[in-house]
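Note sheet for the following structure.
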Amino acid sequence: MAVCVAVIAKENYPLYIRSIPTENELKFHYMVHTSLDVVDEKISAMGKALVDQRELYLGLLYPTEDYKVYGYVTNSKVKFVMVVDSSNTALRDNEIRSMFRKLHNSYTDVMCNPFYNPGDRIQSRAFDSMVTSMMIQVC
Amino acid sequence: MADEALFLLLHNEMVSGVYKSAEQGEVENGRCITKLENMGFRVGQGLIERFTKDTARFKDELDIMKFICKDFWTTVFKKQIDNLRTNHQGIYVLQDNKFRLLTQMSAGKQYLEHASKYLAFTCGLIRGGLSNLGIKSIVTAEVSSMPAYPDTGLHPKTPRSQPELKPRVRCSTNCATQVLR
């Protein structure tokens with residue numbers, strides 16, 4: 001279950017960012033922002049081939065003491081960043097991959113919507129509900 | 001398959017619809033071609049997003065052009081591009097010997113000048129796809145009518161399914177986006 005989900009456009013501005021309502025949402029925004037550097041490092045061809053150059057899933061970007069940050073980049077250079085709780089040890093790599101897959105499918109649907117202009121903030125309700133299903137349920 | 005004919009007919013109607021709804025002066029200005037090209041642009045963006053969902057990341061520009069020639073063209077037009085040439089400095093020439101959207105038009109020179117209207121949407125399609133993959137480009141298309149057999153004075157019967165229009169698409173990728181006719 002994710003704590004924060006963000007969709008970043010190719011020009012590095014957020015198309016969609018949503019976190020669970022805690023008192024300090026700015027912290028998540030900042031984490032997503034700093035993770036963009038790590039994403040750029042991973043997708044640049046110059047770096048060592050730590051990540052398979054052809055894969056879309058980037059894996060764990062960096063861990064902090066409370067949270068772990070995962071990344072995924074599409075072929076159109078749109079980045080998905082997901083922050084999960086470190087204490088939630090049950091989450092395996094496969095589950096993170098499947099969450100990113102669902103995100104990518106929903107993003108593709110948003111892109112094909114003729115009423116959506118590429119580059120605008122994502123306001124689709126279907127996308128919203130899909131992200132809600134992935135986030136931690138906070139009562 | 002029926003869906004091929006559907007898009008073909010819709011595309012033809014689209015072209016004539018855009019021209020009919022244009023004002024008097026606009027037909028000469030070429031705004032209709034721009035409209036068609038922009039339509040293709042938006043469709044191309046969405047299509048590329050869908051098609052590249054499961055493919056691996058592209059290594060470089062040539063990789064992207066090969067994807068366009070093979071997978072993209074096959075999914076949209078059910079065949080591959082016949083010839084891809086490049087000068088390795090940003091100009092790519094894609095040649096399709098049997099362009100699906102033009103095969104139903106009669107061979108010969110009579111309708112050659114109108115062929116560009118029917119290519120605008122496809123040019124936009126390619127430009128939109130490339131722009132979504134991160135490449136700014138200008139796409140132009142030209143049609144050179146080539147007879148099926150050389151003219152020897154005799155005129156052998158050319159079978160109906162043999163199209164004579166050979167459109168060639170030229171993409172140059174080292175310029176800013178500017179819609180050309």
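Per chain, numbering begins at 1; letters A, B, ... match sequence-line order.
Using modelled atom types and a 3.5 Å distance limit, the side chains of B:Tyr118 and B:Asn12 yield no donor-acceptor pair.
In this structure, the portion of B:Arg42 lying under 4.5 Å from any heavy atom of chain A is its side chain and not its backbone. For A:Val78, no part sits under 4.5 Å from any heavy atom of chain B, backbone or side chain.
Contact count versus chain B (heavy atoms, under 4.5 Å) is highest, among A:Val73, A:Asn105, A:Val110, A:Asn117, for A:Asn105.
For A:Tyr16 and A:Phe127, the distance between ring centers is under 6.0 angstrom.
In this structure, the separation between CZ on B:Phe51 and CG on B:Asn132 is 12.5 Å, given to the nearest 0.5 Å.
Here B:Arg50 pairs with A:Asp109 in a salt bridge; the nearest charged N to carboxylate O distance falls below 4.0 Å.
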